[in-house]
Amino acid sequence: MSDFNLIAPKGANKKKKIVGRGSSSGHGTTSGRGNKGQQARSGGKTYTGFEGGQMPLYRRVAKRGFSNYPFKKEIAVVNLVQLEHKFESGEQVDLNSLKGKNLLKNSCTCFKILANGDVSKNLTVQLSKSDAISDSAKAKIEKAGGTVISL
């Protein structure tokens, strides 16, 4: 007898349930699927919301109202603190430069500059039609010697 005997606790190792191997096995004939019906067949599953062939509720109820989802615009927010850290004095701030400095995702199409923080560098901010800037952010940039150009 060795000092190092490892024994699994009772119930840790279970035998695999084998079905369809004769009636004496306990899982023969119907193989634990009950008698007849859709669930007894192979591939006999239904989708969520299935009502036995009746028109499901989600199709019976009328679709009403208006959804703005297809037309929504996601506007990314950029704060002055971020511009202060990432840009040098005299640089131009626009959509492409913000993406280049990893302040915006590549999928982003428009942004807004907010006045959180201070700017000590003179930056040239170029805004397209879809871009925006808050009045206080514009005042802080112009106070630091920068300019804001709207196209």
Which atoms form the tightest heavy-atom contact between F111 and I75, and what is the distance? C-CG2, 3.8 Å
Can you name the side chain to side chain donor-acceptor pair (under 3.5 Å) partners of D118, sequence neighbours left out? none
So, using side-chain contact (heavy atoms from CB on, under 4.5 Å) as the criterion, who are the partners of S128 when residues are at least two apart? S130, D131
Please identify each residue that fulfils salt bridge (charged side-chain N to carboxylate O under 4.0 Å, His left out) with R60, with sequence neighbours left out. E51
Please determine whether the number of non-hydrogen atoms from other residues, nucleotides or ligands lying under 6.0 Å from atom CG of N68 exceeds 12. yes
Partners of Q82 by side chain to side chain donor-acceptor pair (under 3.5 Å), sequence neighbours excluded? none
Return the OG to NZ distance between S97 and K99, rounded to the nearest 0.5 Å. 10.5 Å
Only pairs at least two apart or in different chains count here, so list each ring-ring contact (aromatic ring centres under 6.0 Å, His included) that has a residue in residues 65-101. none
State which residues pass salt bridge (charged side-chain N to carboxylate O under 4.0 Å, His left out) with K72; sequence neighbours excluded, sorted by chain then number. E74
Without placing hydrogens or testing angles, list every side-chain donor-acceptor pair under 3.5 Å for residues 8-23, not counting sequence neighbours.
none

Would you give me the side-chain donor-acceptor pairs under 3.5 Å for residues 139-151, sequence neighbours excluded?
residue : atom : partner : partner atom : Å
K140    : NZ   : A115    : O            : 3.0
K140    : NZ   : G117    : O            : 2.8

Give the cluster check for L114 versus L123: same hydrophobic cluster or not, with ILVMFWY residues linked at side-chain heavy-atom distances below 4.5 Å. no
With sequence neighbours excluded, residues passing salt bridge (charged side-chain N to carboxylate O under 4.0 Å, His left out) with K86: none
Rounded to the nearest 0.5 Å, what separation is found between the CG atom of L95 and the CD atom of Q126? 11.0 Å
Under 4.5 Å between side-chain heavy atoms, chaining through other members, with only Ile, Leu, Val, Met, Phe, Trp and Tyr counted: pull out the rest of the cluster around L6, sorted by chain and number. F4
For residues 37-50, dump all side-chain donor-acceptor pairs below 3.5 Å to protein atoms at least two apart in sequence or in another chain.
none

Residues passing the side chain to side chain donor-acceptor pair (under 3.5 Å) test with S120, sequence neighbours excluded, are E84
If you measure from CG on N116 to OG on S134, what distance do you get to the nearest 0.5 Å? 10.0 Å
Below 4.5 Å, heavy atoms only, C-beta onward: do L83 and L98 meet side chain to side chain? yes
For the pair S31 (side chain) and R33 (backbone), establish whether a donor and an acceptor sit closer than 3.5 Å, ignoring hydrogens and angles. no
